[in-house]
There are 2 protein chains.
Amino acid sequence: MHHPSEQNIKVSADVAVFAIKDGALCVLLIQMKKKPYEAQWAMPGGLIGDAETAADAAARILKDQTGLDGIYLEQLQTFDAPERDALGRVVSVAYMALLPRAAEDLRTTDKYADVRWWPVAKLPALAYDHAHMAATALARLRAKLGYTNIIANLLPASFTLGQLQDAYERVLGQELDKRNFRKKILALGLIEETGRTTAGAAHRPAALYRFRKRGLTYIEIL
Amino acid sequence: MHHPSEQNIKVSADVAVFAIKDGALCVLLIQMKKKPYEAQWAMPGGLIGDAETAADAAARILKDQTGLDGIYLEQLQTFDAPERDALGRVVSVAYMALLPRAAEDLRTTDKYADVRWWPVAKLPALAYDHAHMAATALARLRAKLGYTNIIANLLPASFTLGQLQDAYERVLGQELDKRNFRKKILALGLIEETGRTTAGAAHRPAALYRFRKRGLTYIEIL
DNA sequence: ACAAAAGTGTTGTTACTACACCCATGG
DNA sequence: CCATGGGTGTAGTAACAACACTTTTGT
């Protein structure tokens, strides 16, 4: 079936990067310089190399355009509306990336005007079909909280139950009952105590936990 | 980001078509003629046109290669391993299609040797990465049974509860308790009685039901 | 009469929700 | 001593799993 023929379509990868920053779930956006998208915000993205997987391209592009490296990536969906890019037909394989903390040491190249974290509740107008992409990514992330340990990728290696609950609440956008949350999350057996506790804060120290497996694990959660 | 550059990648659409036939969940495969995939089986697929969405391409290709028309399609995932096609770099946007009955009037073009339904439990060796695609499609279909009314697309407009249960069992590959199944499915409110019943079979007539909405509806099911 | 699928309830168990107070620490 | 987040149990309710017999039709 896939035989050579004339086809004039480019393939790109775009990445929706999420992290929790200042008590809000945020997405990382870059501000563009070139026409026709001058001054507009977009998710990091670019063309895939001929010998490179789309996931490798996403990681490379992310490194180039934002300085981020070695983070969790998963394929989201492919966006292929013929008019989605004003400069020509580009089919984009979208990825979702999760970061354990909102990095502050962002840097971009001089091809872009700025890089910044934006709370998902208050996104600016986005270039291309990136508003649609961001909405899809957020919906996927929320859904996956319900049946995987994906939230591990939004947390540091060890964390308190309070931080874990907070991460769930920030992503879901709703508050959870503390006692029920702890019962359920511990009953799942996805996390275990490290044996260590926090110290130095003006309140009772908290037990630190870690995920037994950090890789994506499918379980019935919330 | 998406600026012109030299990129030599083709974009195709491949379709995993499912139907229930002879009491088994089946996939539709075509047998290839040309090298290097001579005599191997594959899912229908082909290059996307420059001004066509991937979904439109999938529908067009399905019509051409199998004669099927007007069926349910949803995007599955994009497969992009650089070596997945021996003839060059092809990124494939995979779709899942569901058919209310296993059509018998299949026809293909003279570019292919044969078209046939294959039970998912006994697939032949597949060309490209289509074995991986088929497994992904099946996993997605099974998962979506659990939170959508997607099974409506595997059934005719009106059906008995027995047929509905049978469809679930064939897709999931496991038997369900009749009384619990009926209780649950009726409690969901996705289906309603048509008022008509079956007749002519050597057993008690069954009430016929229909889906209230045939479009994809998200609900907590099984 | 028999074969074949349709139809129908109850009980025990498990999971979920709602809800309020004391504890340990730093400042 | 006060502010802050950490930590804990129970009771009522709803959902789930297991399970067997009667009904209606065609042959």
Side-chain angles (χ1 to χ4, degrees), chain A residues 20 22-24 101 145-149 151 155-156 158-170 172-210 218-222, chain B residues 20 22-24 101 142-143 145-148 155-156 158-170 172-210 218-222:
Chain A
I20 292 169
D22 302 333
R101 73 229 154 265
L145 283 193
Y147 59 95
T148 70
N149 67 345
I151 199 150
L155 290 166
S158 72
F159 50 85
T160 68
L161 291 181
Q163 291 173 312
L164 179 58
Q165 181 176 350
D166 189 65
Y168 271 100
E169 290 176 342
R170 297 309 176 185
L172 292 175
Q174 74 183 51
E175 301 208 333
L176 304 172
D177 178 84
K178 183 163 62 160
R179 281 170 293 185
N180 293 339
F181 177 81
R182 291 159 108 93
K183 236 180 303 173
K184 202 166 198 173
I185 206 80
L186 291 172
L188 284 173
L190 290 176
I191 63 173
E192 61 189 1
E193 288 198 59
T194 62
R196 291 174 302 112
T197 57
T198 56
H203 54 76
R204 177 172 173 178
L208 286 167
Y209 290 79
R210 72 171 82 92
Y218 289 80
I219 303 251
E220 195 64 32
I221 311 195
L222 305 175
Chain B
I20 292 169
D22 301 334
R101 72 227 158 266
R142 283 183 176 149
L145 282 194
Y147 60 94
T148 69
L155 289 166
S158 72
F159 49 86
T160 68
L161 292 182
Q163 291 173 312
L164 179 58
Q165 182 177 346
D166 188 65
Y168 272 100
E169 290 177 342
R170 298 307 176 186
L172 293 175
Q174 74 182 51
E175 301 208 332
L176 303 172
D177 178 86
K178 184 163 62 161
R179 281 170 294 187
N180 293 339
F181 177 80
R182 290 158 108 93
K183 236 180 303 173
K184 203 166 196 172
I185 208 79
L186 291 172
L188 286 172
L190 291 176
I191 62 171
E192 61 189 1
E193 290 196 59
T194 62
R196 291 176 301 113
T197 57
T198 56
H203 55 77
R204 177 171 174 176
L208 285 167
Y209 289 80
R210 73 172 79 92
Y218 288 79
I219 304 251
E220 195 65 32
I221 311 196
L222 303 176

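Just so it is clear: chains get the letters A, B, ... in the order the sequence lines come, proteins before strands, and each one is counted from 1.
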Given F159(A) and Y209(A), is the ring-ring contact (aromatic ring centres under 6.0 Å, His included) satisfied, shown in steps? CA-CA 5 Å; F159(A) 50 85; Y209(A) 290 79; 7.0 Å; no
Rounded at 0.5 Å granularity, tell me how far CZ in F181(A) sits from CG in L161(A). 7.0 Å
Checking dC16(D), dC16(C), dG26(D) against the side chain of K184(A) (C-beta onward), the nearest is dC16(C)
Could you tell me whether a side-chain N or O of Q163(A) sits under 3.5 Å from a main-chain N or O of T160(A), the two making a donor and an acceptor? yes
With the sugar-phosphate defined as primed atoms, P, OP1 and OP2, and the base as all remaining atoms, what B/S/- string results for nucleotides 5-14 of chain C, 5' to 3', for protein heavy atoms under 4.0 Å? BBBBBB----
Identify whether any heavy atom of A199(A) sits under 4.0 Å from a base atom; if not, whether one sits that close to sugar-phosphate; answer base, sugar-phosphate or nothing. nothing
In Å, rounded to the nearest 0.5 Å, how long is the span from CG of L155(B) to CG of L164(B)? 6.0 Å
Could you give the CG-to-P distance, from L186(A) to dG6(D), as a whole number of Å? 14 Å
Without decimals, in angstroms, what is the distance between E175(B) CD and dA17(D) P? 16 Å
Hey, what do you get for CD (Q165(A)) to CD (E175(A)), rounding to the nearest 0.5 Å? 8.5 Å
Using whole Å, report how far CD of E193(A) lies from C1' of dG6(D). 12 Å
Are side-chain heavy atoms of L190(B) and I185(B) found at a separation under 4.5 Å? no
